[in-house]
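Scroll down for the structure; my scribbles are underneath it.
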Amino acid sequence: MSQPRVLVALATFNERETLPSLVDAVHRSLPHADVLVVDDNSPDGTGEWCDGFGGDHRWFRCVHREGKLGLGSALKRSIELAVAEGYWAVATLDADWSHPPEALPALIAKAEAGADVVIGSRYCPGAEIVGWPWSRLAVSGTLNRLTRLASGLEVADCSGNYRLYRTEAAAKIDWGRVRASGYSFLEEVLAELRR
């Protein structure tokens, strides 16, 4: 049985320290996937590393942007590119090792079972959040509860970026309705997918 075409997207700004080992771990977890980095002109050399690495690995590429344009716009670019290029799904994760690449096959399995979007949540049983002070945990939990109340989304983790979107569903999003370019993009895109 052939593997579905999956694009793994990483939005970067100053991720030179973590990106090489993360890209390697992603490739080990999903050897048939392609990896896309959307870099916001990182001054630490992230983009230059991407160019050098991409020259030797056909499954890896980088989109260079002229400045710090935000996580949401980088994710939107990645999703639109995955749809346009005929990928079956696009996975997104943070480039700082806060999301475990070894869980990517489990996200794919859920999508293969029919889910349009799969969230690798920090709030599901067995998950843990490492290194956050209690104040950040409290703010995150409160914001997620408020988002659920305001939007009607039945999702425990509305603001996490560890996700897999089936492009068949993502292709139906009216991107003109998605206004956010920062972190609130994560909530907006879920609302659009539900709509």
Side-chain angles (χ1 to χ4, degrees), residues 6-82 87 89-108 118-124 126-141 143-144 157-165 180-186 189:
V6 175
L7 180 67
V8 178
L10 304 162
T12 60
F13 184 76
N14 286 345
E15 307 289 353
R16 176 65 182 86
E17 295 273 326
T18 57
L19 194 60
S21 61
L22 180 64
V23 167
D24 182 57
V26 167
H27 189 62
R28 280 195 318 271
S29 295
L30 294 178
H32 300 289
D34 292 333
V35 176
L36 170 72
V37 169
V38 179
D39 184 62
D40 278 0
N41 199 24
S42 297
D44 73 343
T46 299
E48 290 83 359
W49 178 84
C50 289
D51 289 343
F53 187 80
D56 295 329
H57 300 87
R58 292 186 338 176
W59 49 268
F60 179 90
R61 63 184 152 150
C62 182
V63 171
H64 298 278
R65 303 198 305 172
E66 293 184 9
K68 196 168 181 183
L69 302 177
L71 175 67
S73 65
L75 297 175
K76 179 182 175 188
R77 176 84 184 264
S78 301
I79 295 168
E80 289 178 322
L81 192 143
Y87 285 91
V90 56
T92 61
L93 65 156
D94 291 345
D96 63 358
W97 272 103
S98 57
H99 302 138
E102 63 273 11
L104 286 167
L107 272 63
I108 290 172
V118 183
I119 301 172
S121 175
R122 55 204 149 175
Y123 300 118
C124 64
E128 65 178 318
I129 302 172
V130 178
W132 279 19
W134 70 268
S135 57
R136 187 171 177 191
L137 289 169
V139 168
S140 176
L143 287 175
N144 271 287
D157 194 344
C158 300
S159 60
N161 181 38
Y162 196 24
R163 297 181 180 176
L164 184 124
Y165 304 92
S181 62
Y183 285 94
S184 58
F185 171 89
L186 295 164
V189 77

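The model shown is predicted, which means the values in this text are computed figures rather than measured ones.
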Quiz item: What is the minimum heavy-atom distance between Leu164 and Ala91, and which atoms define it?
Solution: CD1-CB, 3.9 Å

Quiz item: Is there a side-chain contact between Val23 and Leu10, using heavy atoms and a 4.5 Å cut-off?
Solution: yes

Quiz item: Stepwise, does the side-chain hydrogen bond (donor to acceptor under 3.5 Å, both in side chains) test hold for Thr92 with Asn161?
Solution: CA-CA 6 Å; Thr92 61; Asn161 181 38; 3.1 Å; yes

Exercise. Looking only at non-hydrogen atoms, find the nearest pair between Ala74 and Val38 and report the distance.
Key: CB-CG1, 3.8 Å

Exercise. Drop me the distance from Asp40's CG to Leu69's CG, to the nearest 0.5 angstrom.
Key: 5.0 Å

Self-check item: Minimum heavy-atom distance Leu107-Arg163, with the two atoms named
Solution: CD2-C, 3.9 Å

Quiz item: How close do Leu36 and Ser78 get, heavy atom to heavy atom, and via which atoms?
Solution: CD2-OG, 3.8 Å

Self-check item: Glu102, CD atom: more than 12 neighbouring heavy atoms under 6.0 Å
Solution: yes

Quiz item: Backbone N or O of Pro101 within a donor-acceptor pair of the Ser29 side chain at under 3.5 Å?
Solution: yes

Quiz item: Hey, what do you get for CG (Leu81) to NZ (Lys76), rounding to the nearest 0.5 Å?
Solution: 13.5 Å

Quiz item: How about Glu15 and Asp96: do any of their side-chain heavy atoms sit closer than 4.5 Å?
Solution: yes

Quiz item: Are Tyr162 and Ser98 side-chain neighbours, meaning at least one heavy-atom pair lies under 4.5 Å?
Solution: no

Quiz item: CZ/Phe185 to CG/Leu75 distance, rounded to the nearest 0.5 angstrom?
Solution: 5.5 Å

Quiz item: Rounded to the nearest 0.5 Å, what separation is found between the CZ atom of Phe13 and the OG1 atom of Thr46?
Solution: 8.5 Å

Quiz prompt | Approximate separation, where rounding is to 0.5 Å, of Asn14 CG and Leu19 CG | solution = 11.5 Å

Quiz item: How far apart are the closest heavy atoms of Cys62 and Cys50, and which atoms are they?
Solution: CB-CB, 3.6 Å

Quiz item: Got Pro20 and Phe53 here, is their nearest side-chain heavy-atom distance under 4.5 Å?
Solution: no

Practice problem: Assess whether atom CZ of Arg77 is packed by more than 12 heavy atoms of other residues, nucleotides or ligands within 6.0 Å. | Solution: no

Quiz item: For the atom pair CG (Leu30) and CD1 (Ile108), what is the distance rounded to the nearest 0.5 Å?
Solution: 4.5 Å

Quiz item: Just checking, any donor-acceptor pair under 3.5 angstrom between side chains of Thr12 and Asp39?
Solution: yes

Practice problem: Show the numbers, then the answer: is there a side-chain contact (heavy atoms from CB on, under 4.5 Å) between Asp44 and Glu17? | Solution: CA-CA 9 Å; Asp44 73 343; Glu17 295 273 326; 5.6 Å; no

Quiz item: Which atoms form the tightest heavy-atom contact between Tyr87 and Leu7, and what is the distance?
Solution: CD2-N, 3.6 Å

Self-check item: Worked check of side-chain contact (heavy atoms from CB on, under 4.5 Å) between His32 and Val6
Solution: CA-CA 8 Å; His32 300 289; Val6 175; over 6 Å; no

